[in-house]
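None of the values given here were measured: they were computed from a predicted structure. Counting convention: from 1, in listed order, for ligands and their atoms alike.
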Amino acid sequence: MDTPASIAPAAIDARYACARRVAREAAERGMAYYRQRDSLSVSHKGDDRQDVVSIADKELELFIRAELARQFPEDGFVGEEGGSADLHARCIWVIDPIDGTACFVNGLHNWCVSIGLMVDGQPLLGAIADPNHDELFHGCAGRGAFVNQTPLRVHGARHVREGLLGVGTTHRPGKEHFLPFISRLLDEGGMFLRNGSGALMTAYVAAGRLIGYYETHLKSWDCLAGMVLVREAGGRCNDFLRGDGLLGGNPYLVACPGVYEQVAAMIGPSLDGD
Ligand code: IPD
Ligand code: CA
Ligand code: CA
């Protein structure tokens, strides 16, 4: 993926450095909450008892938003907890303060901070910080993707039986496609994994730990940062941002090139909204 020609490299440098710093600092703040998770008050979003949120999610989003706005007041913002602002801006930050909140509140180490930047409607850079494993996944269009300092490359699998596929679903519309998909995957000799964080599973696709990741309906803050990493590591993404993808979400698939078409065929027309 090329960088937008009219964005000055220095403007990209500044935002890339800021995304990495803020993701790391927010993740450290998240760890302080995580260590005292037994005393956090947890609430549910709407009627869905599985869709949880804690004070940590809200306070981390405020922290991230304030840091980004202080350095780049002209940029727009989409966040899971605080909504969106200035969507007419060329540069729009798309962030999830804690991806994997259900894991976070239950003491499972699969959660992270995800910060992505979209420029002129295209994902440009991303930083995903996992403080439990001391891993910062990051990447920028045309500059590669890394975990800490190590370059990332997607898996070399050419068939689903050659590796693990991340999967996810929620109680939102689209969940009816989940079990038929799992059945087809098993029939082909594949195997699935769900760790509770779409952002981390996307980073693992970029890192070649998973051959791909499919979720029946995901939100942009779960995956925009990771999409940059997957592309920079040589992988493929579906047209996730089509239609109202930025605010409303869409079905989501990222995979290494050797299995992308096979997995897309197993999902069927629902992947691209037909
Ligand atoms: C969730 C996680 C989960 C995915 C859900 C997301 P949250 O985000 O990424 O893996 O299956 O679709 O909503 O609620 O932990 O930020
Ligand atoms: Ca999320
Ligand atoms: Ca979240």
Quiz prompt | Any N, O or S atom of Pro97 closer than 3.0 Å to the Ca ion (ligand 3) | solution = no

Quiz prompt | Parallel, tilted or perpendicular: ring planes of Phe104 versus Trp111, cut at 30 and 60 degrees | solution = perpendicular

Exercise. Return yes when at least one N/O/S atom of Glu80 is nearer than 3.0 Å to the Ca ion (ligand 3), and no when none is.
Key: yes

Self-check item: Distance-only donor-acceptor check, side chains Asp99 and Ser197, under 3.5 Å
Solution: yes

Quiz item: Any idea which part of Ser197 is under 4.0 Å from ligand 1, heavy-atom wise: side chain, backbone, both or neither?
Solution: backbone

Quiz item: Any salt bridge between Arg90 and Glu74, counting N to O under 4.0 Å?
Solution: no

Quiz item: What do we get for Lys219 next to ligand 1 when only non-hydrogen atoms under 4.0 Å count, side chain, backbone, both or neither?
Solution: neither

Quiz prompt | Residue Glu215 vicinity, atoms of ligand 1 by number, heavy atom under 4.0 Å | solution = 4 (C), 5 (C), 11 (O), 12 (O)

Quiz item: Counting each atom of ligand 1 from 1 as listed, which ones have a heavy atom of Arg172 under 4.0 Å away?
Solution: 12 (O)

Quiz item: Does an N or O from Gly198, backbone or side chain, lie closer than 3.5 Å to an N or O of ligand 1?
Solution: yes

Exercise. Return yes when at least one N/O/S atom of Asp99 is nearer than 3.0 Å to the Ca ion (ligand 3), and no when none is.
Key: no

Quiz item: So, does Asp222 use its side chain to make a donor-acceptor pair with the main chain of Leu218 at under 3.5 Å?
Solution: no

Quiz item: At a 4.0 Å threshold, what atoms of ligand 1 neighbour a non-hydrogen atom of Thr170?
Solution: 5 (C), 12 (O)

Quiz item: Do the side chain of Glu232 and the main chain of Gly142 share a donor and acceptor less than 3.5 angstrom apart?
Solution: yes

Quiz item: What are the atoms of ligand 1, with element, lying closer than 4.0 Å to any heavy atom of Asp99?
Solution: 1 (C), 2 (C), 7 (P), 8 (O), 9 (O), 15 (O), 16 (O)

Quiz prompt | Atoms of ligand 1 close to Asp96 [distance to a heavy atom under 4.0 angstrom, numbered from 1] | solution = 16 (O)

Exercise. Heavy-atom distances under 4.0 Å are what count here, so tell me which part of Asp57 touches ligand 1: side chain, backbone, both or neither.
Key: neither

Quiz item: Purely on distance, is any nitrogen or oxygen of Arg194 under 3.5 Å from one on ligand 1?
Solution: yes

Quiz item: Below 3.5 angstrom, do we get any N/O pair linking Gly196 and ligand 1?
Solution: yes

Quiz item: Looking just at side-chain N and O atoms, do Glu215 and Tyr213 make a donor-acceptor pair shorter than 3.5 Å?
Solution: yes

Quiz item: Under 4.0 Å from any heavy atom of Gly100, which atoms of ligand 1 are there?
Solution: 7 (P), 15 (O), 16 (O)

Quiz item: Looking at the rings of His217 and Tyr252, which for Trp means the six-membered one, are their centres under 6.0 Å apart?
Solution: no

Quiz item: Please state the angle at the Ca ion (ligand 2) spanned by OD1 of Asp222 and OD2 of Asp96: what is it, rounded to 10 degrees?
Solution: 100°

Exercise. Please indicate whether any nitrogen or oxygen in Ile98 is less than 3.5 Å from any nitrogen or oxygen in ligand 1.
Key: yes

Self-check item: Proximity to ligand 1 by part of Glu80, non-hydrogen separation under 4.0 Å
Solution: side chain

Practice problem: Work out which heavy atom in Gly245 is nearest to a heavy atom in Ser220; give both atom names and the distance. | Solution: O-CB, 3.9 Å

Quiz item: Taking non-hydrogen atoms only, is Asn195 closer than 4.0 angstrom to ligand 1 via side chain, backbone, both or neither?
Solution: neither

Practice problem: Return the minimal non-hydrogen interatomic distance between Val22 and Glu67, and the atom names on each side. | Solution: CG2-CB, 3.8 Å

Quiz item: Between the main-chain N or O of Gly190 and the side-chain N or O of Arg161, is there a donor-acceptor pair closer than 3.5 Å?
Solution: no

Practice problem: Give a yes or no on whether Phe178 atom CZ has more than 12 heavy-atom contacts from other residues, nucleotides or ligands under 6.0 Å away. | Solution: yes

